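Let me begin by presenting the structure, written as structure tokens, before commenting on it.
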There are 2 protein chains.
Amino acid sequence: MGGDRRGSAAKEQAIARGLDRLREVLRARNLKMSSVREAIARAALAYEGHFRVDDLVRYLHASGVREAHMATVYRSLPLMIEAGLIQPALVPNGDGQVYEASFERERHDHLRCTGCGLVVEYKSETLEALQREIAARHGFELEEQVHELRGRCRKCRRAGASTPPPGSRRSRARTAERSPR
Amino acid sequence: MGGDRRGSAAKEQAIARGLDRLREVLRARNLKMSSVREAIARAALAYEGHFRVDDLVRYLHASGVREAHMATVYRSLPLMIEAGLIQPALVPNGDGQVYEASFERERHDHLRCTGCGLVVEYKSETLEALQREIAARHGFELEEQVHELRGRCRKCRRAGASTPPPGSRRSRARTAERSPR
DNA sequence: TCTGAAGATGCGAATCATTCGCATCTTAAA
DNA sequence: TTTAAGATGCGAATGATTCGCATCTTCAGA
């Protein structure tokens with residue numbers, strides 16, 4: 001306990017390293033760092049849990065960053081992904097893409113409940129090894145793996161009620177996610 | 001050889017079974033079969049390889065089906081999916097969702113080349129078993145698994161040229177797919 | 001420190017796939 | 001047949017993401 005209250009020091013340093021990484025990518029492409037870009041990257045790195053572009057924009061506004069336009073955030077996404085700061089998280093479900101910070105964090109996959117939208121993370125070395133092997137067997141050099149299991153969580157199964165009829169839009173993913181801090 | 005020329009008999013019967021399956025789903029929901037719906041289902045069942053909604057519409061037009069409006073095709077997708085006639089194939093890449101016929105076909109996953117868009121199918125019992133186990137371990141009853149590996153195929157790796165810069169849209173997936181017949 | 005060219009940003013318009021509303025045909029069960 | 005419940009075509013509406021463009025900023029020299 002107490003270890004979860006990693007509020008400032010360590011986290012701030014991780015953010016600093018993330019920003020450095022971003023600068024490298026920018027330099028490599030002859031692009032420039034800017035205050036807005038830095039604010040966006042900071043927000044993404046600090047965000048706990050999954051987020052969408054508009055979540056990030058709201059977060060930026062809330063933290064007093066002058067406008068920080070959506071278009072700008074969109075434009076910075078590919079760069080942040082390339083720098084390894086963030087990555088697309090879940091497989092898009094109709095509503096836009098969901099991201100999550102990935103800098104200095106372990107790779108993992110998701111399990112999503114088709115009933116309530118609950119998202120659970122899991123990690124499997126065996127699975128990853130298997131994936132690499134499959135890719136290799138087909139002559140591919142693995143770069144990225146999209147993996148998401150869907151089913152009904154314990155609670156929803158208890159609650160009975162089978163899978164909702166097709167066409168019903170599931171509400172935004174629900175997770176035990178905290179808000180940005 | 002010659003075995004690939006499974007033109008009519010067997011295939012036509014499979015289509016008939018698929019339509020029956022669809023009728024069951026419709027009946028269960030108190031929905032009705034219709035000539036348009038049947039034409040759409042036939043097209044989907046007969047389509048070789050991956051297709052998008054507009055591909056299907058074009059195919060329908062080409063086969064002389066009166067208009068067959070896009071909206072109608074969209075409306076029938078959830079039903080066909082529920083009936084197991086088709087399923088979303090690749091993970092959407094910006095351009096719309098890609099489907100493939102799945103009726104009486106083996107489940108499989110895809111490997112996609114980030115260079116040329118080549119799509120290769122593969123199948124792994126081990127992988128599927130592992131997935132079921134993971135789901136079970138978390139109390140989930142597995143319903144669906146999204147799985148796609150991305151990397152560079154042999155040819156693209158030979159051709160050198162590292163991954164294209166971010167922001168470049170990949171053209172429509174390329175496969176050794178034949179057109180509908 | 002000053003400058004200029006290359007980039008970055010805000011804003012609103014433009015895209016694009018997908019969905020809706022609704023008036024009008026069809027289907028299927030009495 | 002009749003007729004209520006559905007299905008369809010069409011075009012408008014959505015919603016996420018992208019573009020165009022007229023300004024700001026950044027940063028590598030001078």
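Order of the sequence lines fixes the chain letters, A, B, ..., with proteins taken first and strands second; residue numbering starts at 1 for each chain. Please read all numbers here as calculations on a predicted model, not as lab measurements.
In this structure, A:Lys32 atom NZ and D:dT26 atom P are separated by 10 Å, rounded to whole Å. Whole-Å rounding puts the A:Leu79 CG to D:dT18 P distance at 13 Å. Here the P atom of nucleotide D:dT25 and the CD1 atom of A:Ile40 are 15 Å apart, to the nearest Å. Atoms CD (A:Glu38) and C1' (C:dT9) sit 16 Å apart, rounded to a whole Å. Across the protein-nucleic acid pair, B:Gln97 atom CD and C:dT19 atom P stand 11 Å apart, rounded to whole Å. Counting to the nearest Å, the P atom of C:dT19 and the CG atom of B:Leu77 are 8 Å from each other. Taking atom CE of residue A:Met70 and atom P of nucleotide D:dT17, one finds them 8 Å apart after rounding to whole Å. Between A:Asp95 atom CG and D:dA16 atom C1' there is a gap of 10 Å when expressed in whole angstrom units.
Among the nucleotides D:dA7, D:dT8, C:dT27, the one closest to the side chain of B:Arg75 is D:dT8. Counting only heavy atoms from C-beta on, A:His69 has its side chain closest to C:dG12 among D:dA7, C:dG12, C:dT18. Of the candidate nucleotides C:dC11, C:dT27, C:dT9, C:dT9 has the atom nearest to the side chain of A:Val36. The A:Asn30 side chain lies nearest to C:dG7 when the options are D:dG11, C:dG7, C:dG10.
Taking 4.0 angstrom as the limit, A:Ser34 places a side-chain polar atom (N or O) nearer than this to OP1 or OP2 of C:dT9. One finds no side-chain N or O of B:Tyr74 lying less than 4.0 angstrom from the OP1 or OP2 phosphate oxygen of C:dT19. Contact between the side-chain N/O atoms of A:Arg37 and the OP1/OP2 oxygens of D:dT25 is not found at any separation under 4.0 Å.
Between B:Ala71 and B:Met33, it is B:Met33 whose nearest contact on DNA chain D lies nearer the 5' terminus. Take the nearest nucleotide of DNA chain C for B:Ser35 and for B:Val53: the residue whose nucleotide is more 5' is B:Val53.
When atom types are taken as modelled, the side chain of A:Arg17 and the backbone of A:Phe103 share no donor-acceptor pair closer than 3.5 angstrom.
Contact between B:Val91 and B:Val146 at its shortest, heavy atoms only, is CG2-CG1, 3.7 Å.
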Starting from the C-alpha separation in whole Å, work towards a yes-or-no answer on side-chain contact (heavy atoms from CB on, under 4.5 Å) for A:His147 and B:Gln131. CA-CA 10 Å; A:His147 195 257; B:Gln131 291 178 138; 2.7 Å; yes

Is there a salt bridge (charged side-chain N to carboxylate O under 4.0 Å, His left out) between B:Glu128 and B:Lys123 once you walk through the steps? CA-CA 9 Å; B:Glu128 287 181 49; B:Lys123 180 150 190 47; 2.9 Å; yes

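Rounded to 10 degrees, the angle separating the terminal axes of the helix from C:dT1-D:dA30 to C:dA30-D:dT1 is 30°, with each axis obtained from five end pairs.
In this structure, B:Leu111 is not a member of the same hydrophobic cluster as B:Val98, with clusters built from ILVMFWY side-chain heavy atoms closer than 4.5 Å.
Note that the CG atom of A:Asp109 and the CD atom of A:Glu121 stand 9.5 Å from one another [nearest 0.5 Å].
B:His110 has its ring centre less than 6.0 Å from the ring centre of B:His50.
Between the side chains of B:His138 and B:Glu133, no donor N or O sits under 3.5 Å from an acceptor N or O.
Side-chain to base pairing of A:Arg29 with C:dG7: no donor and acceptor N or O lie closer than 3.5 Å to each other.
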